[in-house]
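Residue numbers run from 1 in the order of the sequence given.
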Amino acid sequence: MPQSQRNRILSSAVGTAAASGLGMIPVHRLPRPVRAGYVALPAVLTTGVSVLAQQGRPDPSADDDPSAHGLRPPTVPETAISLALGGLMVGAGVAGLRLDRGAENFLRRRGVPAPRLWIGLATGAVTLASTLFDERTAEPGGTSTQEQVLALLTREDPMALAPGRDGVPEDEYAPEAEAIAELLGTGAAPTAAQLDEVWEQCFSQPLSPLLGAGRMDSLLEALSALAPEDSGA
């Protein structure tokens, strides 16, 4: 199993376990200060982040001074937007507390034993399903271009690192595969010069001398087959 796939499985397992554990906490029965923080803290952070994010926009009421830098007082529209986002977070927090109380009371009225356990398991299941759905939509065609490029680089093994053996990760060439996949994403097959540039950035030496003319031509041909077809051609 590739290292990248193991990492995704581990990340999904940790995320699912964390979501399940948090779902088992009866948030609505926590002390009042904790519940207030549960509602207010995300709202304050959201408002602050929104205000800071809008600092990059020029102030239409101020003179166009390119030498002016640093924080400035937010405009009325910026303040309104930030406060509205904070208000939405407050509403979401209050709704979350009510939903938590309602779900637990509903299960108790139905005689379900250990309702918090079932709520936690349901939360974990929803988290896992969402993660799997995101992965499927991110790679609708199955194996991604980056993974195919990684397989080609691993097969050629220009640096003689023997990925997957003697403690060397199976995705040792992942950064280079990502860079080459980005080149393929432009719609054109990469050239030998572009591959040499990628390799020089990562290993401080070009790729062509490492592979030789024959292996380099073979790699370029395989990469060309991965390039998306130009519908306008």
Side-chain angles (χ1 to χ4, degrees), residues 1-24 49 53 120-233:
M1 181 184 299
Q3 183 70 25
S4 58
Q5 185 176 356
R6 287 200 296 266
N7 290 340
R8 287 198 299 269
I9 293 175
L10 178 60
S11 176
S12 298
V14 172
T16 300
S20 298
L22 291 175
M24 295 179 189
V49 169
L121 293 177
T123 304
V126 170
T127 300
L128 179 59
S130 176
T131 301
L132 294 176
F133 178 78
D134 289 342
E135 289 183 356
R136 282 183 174 272
T137 54
E139 297 180 6
T143 304
S144 67
T145 300
Q146 182 175 336
E147 288 177 335
Q148 295 180 70
V149 174
L150 177 60
L152 291 173
L153 296 179
T154 301
R155 182 192 68 188
E156 295 296 338
D157 192 14
M159 308 305 296
L161 298 174
R165 290 181 287 177
D166 299 328
V168 179
E170 293 184 6
D171 59 349
E172 178 66 30
Y173 293 112
E176 297 76 33
E178 180 179 1
I180 295 173
E182 291 179 358
L183 294 175
L184 288 167
T186 63
T191 64
Q194 289 175 318
L195 297 187
D196 284 342
E197 183 179 354
V198 169
W199 228 253
E200 286 177 345
Q201 291 176 353
C202 298
F203 295 102
S204 302
Q205 55 182 314
L207 178 61
S208 298
L210 295 170
L211 291 181
R215 293 173 63 194
M216 189 67 172
D217 289 343
S218 176
L219 178 60
L220 288 171
E221 183 179 355
L223 291 174
S224 178
L226 299 179
E229 295 182 359
D230 186 359
S231 58

Which atom names give the shortest non-hydrogen contact between [X] and [Y], and what distance separates them?
X	Y	value
Ser218	Arg155	OG-NH2, 4.4 Å
Thr16	Gly124	CG2-O, 3.5 Å
Glu172	Glu176	O-OE1, 3.8 Å

Rounded to the nearest 0.5 Å, how far apart are [atom1] of [X] and [atom2] of [Y]?
X	Y	atom1	atom2	value
Asp171	Glu147	CG	CD	10.0 Å
Leu223	Gln148	CG	CD	10.0 Å
Cys202	Leu207	SG	CG	10.5 Å

Per-pair distances, 0.1 Å, donor-acceptor, side chain in residues 178-195, under 3.5 Å, sequence neighbours excluded:
| from | atom 1 | to | atom 2 | distance (Å) |
| --- | --- | --- | --- | --- |
| Thr186 | OG1 | Leu183 | O | 2.6 |
| Thr191 | OG1 | Gln194 | N | 3.2 |
| Gln194 | OE1 | Thr191 | N | 2.9 |

*For Ser130, what residues pass the side-chain contact (heavy atoms from CB on, under 4.5 Å) criterion, not counting sequence neighbours?*
Asp134

*Evaluate the side-chain proximity of Leu226 to Val149: yes if any heavy-atom separation is below 4.5 Å, no if none is.*
yes

Can you give each donor-acceptor pair under 3.5 Å made by side-chain atoms of residues 157-169, sequence neighbours left out, with the distance rounded to 0.1 Å?
| from | atom 1 | to | atom 2 | distance (Å) |
| --- | --- | --- | --- | --- |
| Asp157 | OD1 | Ala160 | N | 3.3 |
| Asp157 | OD1 | Leu161 | N | 2.9 |
| Asp157 | OD1 | Tyr173 | OH | 2.5 |
| Asp157 | OD2 | Leu161 | N | 3.2 |
| Asp157 | OD2 | Ala162 | N | 2.9 |

*Hey, mind stepping through Glu170 and Thr154 against side chain to side chain contact (heavy atoms under 4.5 Å, CB included) and telling me if it holds?*
CA-CA 8 Å; Glu170 293 184 6; Thr154 301; over 6 Å; no

